[in-house]
Amino acid sequence: MPDINLTIDGHKITVPAGTLIVEAAKTVGIEIPVFCYHHKLDPVGACRLCLVDFSPGPPRPQTACTTPVAEGMVVRTQSAMAVQARADILEFELVNHPLDCPVCDKGGECPLQDFTFRHGYPTSRIDGPRLHFKKPIPLSENIALDRERCVLCYRCTRYYDEVTWKQELTVGQRGVQSFITSQFDKPLQSNFSGNIIDLCPVGALTSRVWRFESRPWDMSHTESVCNKCAVGCNTTMWQRRGQLVRITSRENDDIDEGWICDRGRFDYTDVNDPARLRTPSVNGARSTWAGALAATSAGIKGKGAKLGISLPADLTNEEAFLFRRLLDGPLKGAKVKMHGRTAIPAPAGPTLRIRDIDDARVIVIVASDIESDVPIVNLRVKKAVTKRGAKVIVVYPDGVDLDRNPHTVHIRSAAGSAAAEVRKLASHELLENAGGPVAILFGDGHGSEDMNDLASACGDLAEKVGGKVMPLYRATNERGALELGVAGWDVLDGVEALLSWGPPPTAGVPSSVQFHAAWDHLPRSANQNAAVVLPATTFAERQGSYTNLEGTVQFLRPPVTIDPPLKEAWEVLTELGIALGMDLDYAGIFPIQREAAAQAPALAALAQAPSPEPVPGPVLVGPAHP
């Protein structure tokens, strides 16, 4: 389709056909205020705040969020008619809105505040009584609803309908009595519920985890990456006085599109736990790092296959590289088990990218409940179905939430038979008549499948139907660990010495263990008899990088600074290597990244690692998701 030429407030611009006026205005820095409009949701024109006037067209204000541009259109956002219309709408929005900005969590980053100052009347002509509701309403253990603040933009209900397919929110009553409520007053169950907090343009939906904790201007924020699964969603982490107080989404269209799951948003309070381990100990007595690492070295050196090592799901590429060096040296032959690890082998070559799912005509999902395993990929599949009419085939024993789509073909295969079912799919009518790209996503059935066989079957299917394959790793940096040769599939039964990094092994500390060194950020009952305890940093204090399930390397920024005697993991691994007799000498994380990039071609991006930035001071931020 040809591009469209138009004029907005005297600026002559050219934009693609189908562009909405509100988006066209952004290209020349013109603000058209919106509440109901969001670029990831279908436009509805519900709040009417985006009124402008244009010609040719009717002689009355029109909504910029629902009107596409037209050739030769002249848009006036600052005409007397448009300015008065927006001010009138704001006056109506504020009729029942409580004047509780000083205590509202949205204060300081609230579009309603900003728009009232920039587009509203200086005083209100309405002096009648305000509408009151019971408040706050606990929609779930994580989200509170203050109905008096709601401007009925319907972003939250539309998000549930369009993006998550959950339909957990609706509108109660009608007219002036309308309010947002959960279906049948039931608590929200969706794993994606927290995104409505970011979507809400006012303080109607707030986080109960963060409620009344701080203000935007007394926090600093750092761009980083979520550590809860292998998708690698981009986040903004907010710290105040050395504590991580909030995590919000950060839009990356190639990966997450601005959504994060509730695990990534709310599961961070352990970072601030008063019980955090801060100093090393040996046999229950406080120790120095040198003493604790010497004791650890003595307990694990020379054990060979009698040594077991439990790794966290979110070790970084840099940590995996150093760990690989230890396994090639003094810890050679040790059994290694990674938390959350699938049995999926390393990819033989390039794989499907997350963004490619958007264009798929048929999506095959094998041996995985993607809503639980890789949540944001689940939303990407739903987008392909909703926006592009993609067809879905699921091969999995149990029900999945994609069954909500009446056109999903669900083959309920028995556990362990996924490969056989995949080999039958080449003749399936959906794949024979795909009419476009085919995406094949496969997991490991949580250990029930022969992964070499299943990976081969999926590769063969992709070749036959002209599709691409995406392995659905679960552990945060599983693909990066594989690229560096850290498999982490071993069983730890029968080991005599154990180094448990992060949470203890899922099956518990083996009874055969005679020496146990625990490296963790919290005291745990499974570690109470450990001979050595090393304090660990959390994801909020870590430098480095993760490789997500599609192979993209992304860099972490620590929002919280480390207070001595805590040390970063790469420092501890370096010092442990020295204690084990290795010649390790790294002055910082950059030399580790350069060396890792040279040894693993898939991690070449590490050679271009951005320079670290100091944790910024408090900043005043503008409205989130305008």
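T574 OG1 to M582 CE: the interatomic distance, rounded to the nearest 0.5 Å, is 9.5 Å. Separation of atoms OG (S190) and NZ (K166) is listed at 5.5 Å; rounding is to 0.5 Å. Annotation: the span from H521 atom NE2 to L534 atom CG amounts to 14.5 Å, rounded to 0.5 Å. Separation of atoms CD1 (I197) and NZ (K106) is listed at 9.0 Å; rounding is to 0.5 Å. Here OG1 of T164 is found 9.0 Å from CG of N195. Values are rounded to the nearest 0.5 Å. In this structure, I260 CD1 and I255 CD1 are separated by 13.5 Å, a value rounded to the nearest 0.5 Å.
Atom CD of E141 has 12 or fewer heavy atoms from other residues, nucleotides or ligands within 6.0 Å. Within a 6.0 Å radius of NZ in K186, no more than 12 heavy atoms belonging to other residues, nucleotides or ligands are found.
When atom types are taken as modelled, the side chain of D444 and the backbone of I344 share no donor-acceptor pair closer than 3.5 angstrom. Panel note: side chain Q599, backbone A596; no donor-acceptor pair is recorded below 3.5 Å. Proximity of a side-chain donor or acceptor of S545 to a complementary backbone N or O of V553 within less than 3.5 Å is not detected. A donor-acceptor distance shorter than 3.5 angstrom exists from the side chain of R479 to the backbone of L549, with no hydrogens or angles considered. Judged by distance alone, with hydrogens and angles left aside, the side-chain atoms of Q554 form no donor-acceptor pair with the main-chain N or O of N234 at under 3.5 Å.
Inter-residue side-chain proximity for M237 and S224 is flagged as met; some heavy-atom pair is nearer than 4.5 Å. In this structure, the side chains of S310 and P504 stay at 4.5 Å or more apart for every pair of heavy atoms. Side-chain contact between L441 and I357 is present, with heavy atoms from C-beta onward closer than 4.5 Å. Looking at L277 and L522, their side chains never come closer than 4.5 Å, going by heavy atoms from C-beta outward. Using a 4.5 Å heavy-atom threshold, the side chains of P471 and F442 count as touching. Taking 4.5 Å as the limit, some side-chain heavy atom of D105 sits within range of a side-chain heavy atom of T206. Annotation: side chain of D369 is not in contact with side chain of D398 (no heavy-atom distance under 4.5 Å). Looking at P505 and K337, their side chains never come closer than 4.5 Å, going by heavy atoms from C-beta outward.
With sequence neighbours excluded, no residue forms a salt bridge (charged side-chain N to carboxylate O under 4.0 Å, His left out) with D373. By the ring pair (Phe, Tyr, Trp, His ring centres under 6.0 Å) test, Y396 pairs with no residue at all, sequence neighbours left out. Residues passing the salt bridge (charged side-chain N to carboxylate O under 4.0 Å, His left out) test with R355, sequence neighbours excluded: D254. By the side-chain contact (heavy atoms from CB on, under 4.5 Å) test, A204 pairs with L145, R149, C150, C200, V202, sequence neighbours left out.
The list of ring pair (Phe, Tyr, Trp, His ring centres under 6.0 Å) pairs with a residue in residues 304-353, not counting sequence neighbours, is empty. Among pairs with a residue in residues 292-315, those fulfilling salt bridge (Lys or Arg N to Asp or Glu O under 4.0 Å) read D314-R542, at least two apart in sequence or across chains. Counting only residues at least two apart or in different chains, ring pair (Phe, Tyr, Trp, His ring centres under 6.0 Å) contacts with residues 493-514 comprise W501-W519. Residue pairs that meet the ring pair (Phe, Tyr, Trp, His ring centres under 6.0 Å) test with at least one member in residues 525-570, sequence neighbours left out, do not exist here. Sorted by first and then second residue, the pairs that involve residues 575-594 and meet side-chain hydrogen bond (donor to acceptor under 3.5 Å, both in side chains), not counting sequence neighbours, are E318-Q593, R325-Y586, K567-E575, Y586-E595.
With no hydrogens or angles considered, a side-chain donor-acceptor pair links E541 and T538 at under 3.5 Å. A donor atom on one side chain and an acceptor atom on the other are found under 3.5 Å apart for Q543 and E568. In this model, no donor atom of one side chain and acceptor atom of the other lie less than 3.5 Å apart for S512 and D493. Between the side chains of S500 and H516, at least one donor N or O lies within less than 3.5 Å of an accepting N or O. Between the side chains of R557 and T236, no donor-acceptor pair of N or O atoms lies under 3.5 Å. For the residue pair N142 / R265, no side-chain donor-acceptor distance below 3.5 Å is found, with atom types taken as modelled. Between the side chains of D198 and T248, not a single donor N or O lies within less than 3.5 Å of an accepting N or O. With hydrogens and angles left out, the side-chain atoms of S220 and Q239 include a donor and acceptor closer than 3.5 Å. Side chains of S368 and R474: no donor on one and acceptor on the other come within 3.5 Å. In this structure, a donor-acceptor pair under 3.5 Å is present between the side chains of D262 and S193. Remark: the S214 side chain and the W210 side chain contain an N/O donor-acceptor pair separated by less than 3.5 Å.
In plain terms, the two heavy atoms of L307 and L498 that are nearest each other are CD1-N, 4.3 Å. Annotation for G588 and P591: closest pair O-CD, 3.2 Å, computed over non-hydrogen atoms. The two atoms that bring A334 and I309 nearest to each other are CB-CD1, 4.0 Å, heavy atoms only. Of all heavy-atom pairs between V103 and F212, the closest is O-CE2, 3.2 Å. Across every non-hydrogen atom of G340 and E478, the tightest pair is O-OE1, 4.2 Å. Heavy-atom minimum distance, Q113 versus G108: OE1-N, 3.1 Å.
Applying the side chain to side chain contact (heavy atoms under 4.5 Å, CB included) test between C226 and each of I247, T235, D256 identifies T235 as the sole match.
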Which side-chain N or O atoms in residues 481-492 pair as donor and acceptor under 3.5 Å with protein atoms at least two apart or in another chain?
unit_1: W489; atom_1: NE1; unit_2: T342; atom_2: O; d: 3.0
unit_1: D490; atom_1: OD2; unit_2: V336; atom_2: N; d: 2.9

Show every donor-acceptor pair shorter than 3.5 Å between a side-chain atom in residues 288-297 and any protein atom, with sequence neighbours excluded, or say none if there are none.
unit_1: T288; atom_1: OG1; unit_2: G291; atom_2: N; d: 3.0
unit_1: W289; atom_1: NE1; unit_2: P565; atom_2: O; d: 2.5
unit_1: T296; atom_1: OG1; unit_2: A292; atom_2: O; d: 2.8
unit_1: S297; atom_1: OG; unit_2: A579; atom_2: O; d: 3.1

Only pairs under 3.5 Å count here: list side-chain donor-acceptor contacts from residues 523-533, not counting sequence neighbours, and write none if there are none.
unit_1: R524; atom_1: NE; unit_2: D520; atom_2: OD2; d: 2.3
unit_1: R524; atom_1: NH2; unit_2: D520; atom_2: OD1; d: 3.2
unit_1: R524; atom_1: NH2; unit_2: D520; atom_2: OD2; d: 3.4

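Taking the charged nitrogens against the carboxylate oxygens, E213 and R246 have no contact shorter than 4.0 Å, which rules out a salt bridge.
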### Task
Apply salt bridge (Lys or Arg N to Asp or Glu O under 4.0 Å) to D253 and K40, showing your working.
CA-CA 10 Å; D253 278 344; K40 295 298 181 182; 2.7 Å; yes
#### Entry: Intermediate values then yes/no, side chain to side chain contact (heavy atoms under 4.5 Å, CB included), Y473 and V374
CA-CA 8 Å; Y473 301 110; V374 283; over 6 Å; no
